[in-house]
Amino acid sequence: MKGKKGGKGASRKNETPEEKRLREEMEALQAEENRRRKEQLMREELKARQAEEEAYSRLNRNKIQNQWRKLMRIAKVESLRKDLEIMSQNHEREVDMKDAIIQMLDRDLDEAEEQYQTALRSHLQNMDAFIDLYRNKIQKLQEEFDDELDELQSDFDTERQFIVTKHGTEKKEMDDLLDMLDTNHQDNEAEQRQEFESFCEEMKNKNLEDLNVLKLTLESQIDELERHSDSAYQNYKNSTEQRTQQFKLLTMRDKQAAQQIETQFKKIQRLQENLTNWKKKIAANVRECEGRNKLLRQEKEQISKHFRAMKSKMHRMRGSHSQRLQMLSVKARECIRKLEENKKLAENILKLGELNRKLETEKEKVIPFAEAQEATADMPADMVTDANALTSYSRSLEGKPVEEWNYLDVFFRKFNRALLDKCAIDQERSRLQNENNDLRAILKAYLDGISVNTDVTEAENPLFAINGRTGVAVPAPVSGGQVIPVVEGNAVMNQTAMMQR
């Protein structure tokens, strides 16, 4: 060994600077590798310890949670049983209440049906009266119309008979006149025919003589004139043929127009006569109808005035009824709302009464309204008379009327007892809450002390030190001259109790 060490020392002495530098680098690398290996081993060991600690913490947490869950299940089962009893009692109470409401609604429905039937009967009676009145009015108008129609029919028949008789007489006169004219015309025609025949014979004989004389002289002239007349006639005929046709047509139209004018003139005369007659009749009818129309107009105005008055009265009545119905509906809605509020208040009172019933003592259950002697048992003798004067039991037991300001003595007594119990329960709840918070803080501190996680590393923990330093904030030291205010704990507790009362 000594030889080796000596050889190494000799070799180190004989090595060059470059070899020395390489050797130092190799030693440094070897030391770094050993350090890293140790850190890896320590890290693995810490991880194994951390995993083991986490397993123990999970196991303990599960055990605590199982115990806490059992306790919570027991408490929950008891509360659910109590709630179930309360709900069953509330359900029975609600069923009874609903039955009472249904009976009340049934009575209201019967009353409403009866009111509807009475209103319907009165409406039908009014309608029957209006129908009878309308029928009577129509019957009167029909009778008046029939009377006027009969009168007009009789007038028309008399006038028609008068016109027919007058027409018959005039027609007979005209027929006689025509017969007389025909006989005169025939006589004149016979006389004129005889005179004409005699005159014709004379002229014929004279003309025969002249004819024989002129016949010879005129034959030559006739032949020549015939030629000239034929040519002139032909020319005239050719030039005036269209005018002759038009003349014939116009003559025929003139005759027809003259006949039509004559017939129309006769017709106009007859119509004028009829028109004058009808004007006279119309004037008479107008004078007669004006009086009737005046009476009818007056009656119509009276009826319209009465109708407007009744309509305005009906509108006022409808307006008043609608306002009354609106007010009734509003008041009914308010009444329903108030009844609903009273109902909810009564339900809450009954529920609270049932809940308070379970919390009452045996003595309170047997004697729900304790007499005033219990409250005055511990009082001095000089204060008992004053207490009896301020309570209602002293007077009610004697049979005297209870004063108005003593009506709620029993309620205030029970309310004061309940209020005292509530204050005691609140105080006990706050104490238990504080105790529970303390236990939770202790349990959390214990769990933080036995486990390592992100919450523990980030929070202040005096048991967890890194590089010799803890995460706890140390308060600054108090200087010698500074005065620290101190409050006595007993005074604080007394003030808290007084505030809770």
Side-chain angles (χ1 to χ4, degrees), residues 78-119 319-372 374-375 387 389-426 429 500-501:
E78 292 178 357
S79 65
L80 289 174
R81 286 176 180 173
K82 293 178 180 179
D83 293 338
L84 185 61
E85 292 177 358
I86 294 169
M87 289 174 68
S88 65
Q89 293 176 1
N90 292 332
H91 177 69
E92 292 176 357
R93 191 180 297 107
E94 287 179 358
V95 168
D96 297 335
M97 192 179 299
K98 295 293 183 183
D99 292 335
I101 291 170
I102 289 168
Q103 293 177 0
M104 183 176 65
L105 292 175
D106 192 7
R107 289 194 299 272
D108 294 338
L109 184 62
D110 293 336
E111 292 177 358
E113 184 66 25
E114 186 177 357
Q115 292 177 0
Y116 171 73
Q117 292 295 332
T118 55
S320 62
H321 287 177
S322 63
Q323 291 178 358
R324 290 173 65 187
L325 286 173
Q326 290 177 0
M327 293 174 64
L328 181 62
S329 62
V330 171
K331 290 182 178 179
R333 195 179 297 110
E334 292 178 356
C335 182
I336 290 169
R337 183 175 58 78
K338 289 181 180 179
L339 288 174
E340 290 291 335
E341 293 177 357
N342 293 331
K343 177 184 173 184
K344 291 179 180 178
L345 181 61
E347 289 178 354
N348 292 328
I349 290 170
L350 291 174
K351 288 179 182 178
L352 294 174
E354 291 294 333
L355 294 174
N356 292 329
R357 184 69 177 173
K358 294 181 180 180
L359 300 176
E360 288 180 351
T361 60
E362 296 295 334
K363 185 177 181 181
E364 290 175 346
K365 289 181 180 180
V366 174
I367 305 173
F369 298 100
E371 294 184 356
E374 296 179 359
L390 296 174
T391 57
S392 60
Y393 278 102
S394 61
R395 293 176 179 265
S396 61
L397 291 174
E398 295 174 358
K400 296 181 180 180
V402 180
E403 296 295 336
E404 184 176 359
W405 52 82
N406 295 327
Y407 287 164
L408 299 175
D409 286 345
V410 178
F411 170 75
F412 285 135
R413 192 176 297 111
K414 294 188 73 177
F415 178 75
N416 291 331
R417 290 179 183 176
L419 185 62
L420 289 174
D421 293 338
K422 181 178 178 299
C423 293
I425 290 168
D426 292 337
R429 184 186 293 112
Q500 290 180 354
R501 291 176 185 176

Could you measure the distance from the CD1 atom of I349 to the CD atom of E354? Nearest 0.5 Å is fine. 13.0 Å
For residues 99-106, please give each side-chain donor-acceptor pair under 3.5 Å, one per line with the distance, not counting sequence neighbours.
none

Restricting to side chain to side chain donor-acceptor pair (under 3.5 Å), what partner residues turn up for D421, sequence neighbours left out? none
Restricting to side chain to side chain donor-acceptor pair (under 3.5 Å), what partner residues turn up for E94, sequence neighbours left out? none
For residues 320-333, which side-chain donor-acceptor pairs fall under 3.5 Å, sequence neighbours excluded?
from	atom 1	to	atom 2	distance (Å)
S320	OG	R316	O	3.2
S320	OG	M317	O	2.7
S322	OG	R318	O	3.1
S322	OG	G319	O	2.6
S329	OG	L325	O	3.2
S329	OG	Q326	O	2.6

For K422, all residues meeting salt bridge (charged side-chain N to carboxylate O under 4.0 Å, His left out), sequence neighbours excluded: D426
Within 6.0 angstrom of M97 CE, more than 12 heavy atoms from elsewhere: yes
Checking E92 now: which residues fulfil side chain to side chain donor-acceptor pair (under 3.5 Å) with it, not counting sequence neighbours? none
Tell me, please, which residues at least two apart from E85 pass salt bridge (charged side-chain N to carboxylate O under 4.0 Å, His left out). K358
Those residues that, when tested against E78, pass side chain to side chain contact (heavy atoms under 4.5 Å, CB included) (two or more places apart): I74
Kindly determine whether N90 and K351 satisfy side-chain contact (heavy atoms from CB on, under 4.5 Å), including the steps that lead there. CA-CA 7 Å; N90 292 332; K351 288 179 182 178; 3.8 Å; yes
Side chains of residues 340-348: which donor-acceptor partners sit under 3.5 Å, not counting sequence neighbours?
from	atom 1	to	atom 2	distance (Å)
E341	OE2	R337	NH1	3.1
N342	ND2	K338	O	3.1
N348	ND2	K344	O	3.1

Consider only side-chain N and O atoms of E113 and Q117, and report whether a donor and an acceptor are under 3.5 Å apart. yes
